[in-house]
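In what follows, residues are counted from 1 in the order of the sequence shown.
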Amino acid sequence: MSETEDAASTWTLTFRVPEAALPVFETFLESFAGAHFVDGPDGEGRVPITAYLSEKPDDDAVRRWLADAAAAAGVETPDFTFERLPETDWVAETEKTLPAIRVRRIYLYGAHIRTKPPAGAIALNVEAGLAFGTGRHESTFGCLMALQDLAKRRIGVARALDMGCGSGVLAMAIARLWGAQVLAVDNDPMSVETAADNAVKNRVGHLVTAVLGEGYAGPDVSGHGPYDLVAANILADPLIAMAPNLARQVTPGGHAVLSGILAKQAPRVQAAHVAQGLSVRRRYVFGDWATLVMRKR
């Protein structure tokens, strides 16, 4: 193995110390390793520490470092081992752990997916990471199911609002299902940027407008409304607080898809919106999470 290969590899340094000495050794590790992992104590009360290093250091340097840490902790210098981690194809590993998701016709996939989307699918290329909302959560799954059921009923949607848009998945799904103009709002600048980029990447940039905003406040939401459809995948308490504003922004006969709600919280969210003149049309439950479809009377 060449020195160049050593330098480009990741190495692990593993040793065991008494549990009481762990804080001292972790303090020393902060200036020595990029990251470290601590497991539970063994039968002798010693905890194994695995430190991750960008290159293999000199054995003598490690012994001196461990001796200094041990002296500070008042324990014996531990023995240690090195191991060079095998080269990993991280794209292949990502593909294994983040497969494409099929929610009826909607097909969500990352750039690492090489297979062709199924025939007739609404394919959306959405990368995980920068903003919540890649379809890997039961609440997003429920929203996508609800939107497709509404589309099957051929309800008319010309203008729609995605409140708390995250990565823009729901806004793009609405744009593809109805060809509607969609305002995507979020209070996180990174989410707004991501949603806008995703809309362009998925060829609905002419339909989806992503803006920064706090709930229904601000001229963008009122200026584009009222809306035939509002999707809000947020949390129960904010949904309850915003129920009066949502009701004002939904057209008579219009619909709201509400999620980010634990199933046990659904009755409170439902009651808050019924009090504002909306009625429950359907309820979806996936795992611990509920999605409500409401209609303005």
Side-chain angles (χ1 to χ4, degrees), residues 103 131-150 153 155 157 159-171 173-174 180 182-192 195 210-297:
V103 186
F132 174 78
T134 60
R136 299 182 186 279
H137 191 279
E138 290 90 338
S139 59
T140 309
F141 190 93
C143 288
L144 294 174
M145 293 280 285
L147 292 173
Q148 290 176 88
D149 284 341
L150 287 172
R153 290 171 46 199
I155 68 165
V157 177
R159 291 186 304 277
L161 172 67
D162 180 3
M163 178 58 67
C165 64
S167 59
V169 167
L170 301 184
I174 293 168
V182 188
L183 183 69
V185 181
D186 205 290
N187 62 3
D188 174 33
M190 182 65 74
S191 292
V192 173
V211 299
L212 188 67
E214 288 288 345
Y216 292 85
D220 288 309
V221 175
S222 59
H224 286 77
Y227 304 91
D228 306 306
L229 175 63
V230 174
N233 183 10
I234 313 176
L235 292 170
D237 288 341
L239 286 172
I240 291 170
M242 292 191 294
N245 290 326
L246 179 146
R248 283 192 287 270
Q249 291 295 338
V250 178
T251 58
H255 291 77
V257 175
L258 311 176
S259 198
I261 310 163
L262 289 170
K264 63 184 180 182
Q265 299 170 325
R268 288 196 300 121
V269 177
Q270 177 178 316
H273 289 80
V274 168
Q276 298 299 323
L278 283 81
S279 60
V280 180
R281 305 297 293 187
R282 193 162 184 180
R283 176 175 171 172
Y284 301 77
V285 177
F286 297 99
D288 295 329
W289 297 86
T291 298
L292 300 176
V293 178
M294 314 285 296
R295 184 173 183 269
K296 185 173 180 179
R297 294 190 292 270

Pairs meeting criterion salt bridge (Lys or Arg N to Asp or Glu O under 4.0 Å) with involvement of residues 214-235, two or more places apart: none

Ser259 and its side chain to side chain contact (heavy atoms under 4.5 Å, CB included) partner, picked from Thr140, Val269, Asn233, Leu144: Asn233

Would you please test Val257 and Leu170 for side-chain contact (heavy atoms from CB on, under 4.5 Å) and show each step? CA-CA 10 Å; Val257 175; Leu170 301 184; over 6 Å; no

Can you name the side-chain contact (heavy atoms from CB on, under 4.5 Å) partners of Gln249, sequence neighbours left out? Tyr216, Val221, Ser222, Tyr227

Residues passing the side-chain contact (heavy atoms from CB on, under 4.5 Å) test with Ala195, sequence neighbours excluded, are Cys165, Ala210

I'd like to know if the side chain of Arg159 reaches the main chain of Gly225, judged simply by a donor and an acceptor atom lying under 3.5 Å from each other, with no hydrogens or angles considered. no

Holding to side-chain contact (heavy atoms from CB on, under 4.5 Å), I want the full list of residues that pass it with Pro267, two or more places apart in sequence or in another chain. none

Judged by atom type as modelled, is there a donor-acceptor pair below 3.5 Å linking the side chain of Asp186 to the main-chain atoms of Val192? no

Sorted by first residue and then second, give each ring-ring contact (aromatic ring centres under 6.0 Å, His included) pair with at least one member in residues 248-290; sequence neighbours left out. His137-Trp289, Phe141-Phe286

Pairs satisfying salt bridge (Lys or Arg N to Asp or Glu O under 4.0 Å), at least one member in residues 274-283, at least two apart: Asp149-Arg282

Could you check if a side-chain atom of Met294 sits within less than 4.5 angstrom of a side-chain atom of Val230, using non-hydrogen atoms only? no

Is there a side-chain contact (heavy atoms from CB on, under 4.5 Å) between Glu138 and Thr291 once you walk through the steps? CA-CA 9 Å; Glu138 290 90 338; Thr291 298; over 6 Å; no

Which pair of heavy atoms, one from Leu147 and one from Ala173, lies closest together, and at what distance? CD1-CB, 4.4 Å

Distance col, row Ile174:CD1 vs Leu229:CG, nearest 0.5 angstrom, shows 4.5 Å

Quick test of your reading: applying salt bridge (Lys or Arg N to Asp or Glu O under 4.0 Å), list the pairs with at least one residue in residues 287-297, sequence neighbours left out, ordered by first then second residue. none

Name every donor-acceptor pair, under 3.5 Å, that has one atom in a side chain of residues 234-247 and the other anywhere in the protein, sequence neighbours excluded.
from: Asp237; atom 1: OD1; to: Arg268; atom 2: NH2; distance (Å): 3.3
from: Asn245; atom 1: OD1; to: Arg248; atom 2: NH2; distance (Å): 2.3

Provide the closest heavy-atom pair for Pro189 versus Leu212 in the form atom of the first, atom of the second, distance. N-CD1, 3.7 Å

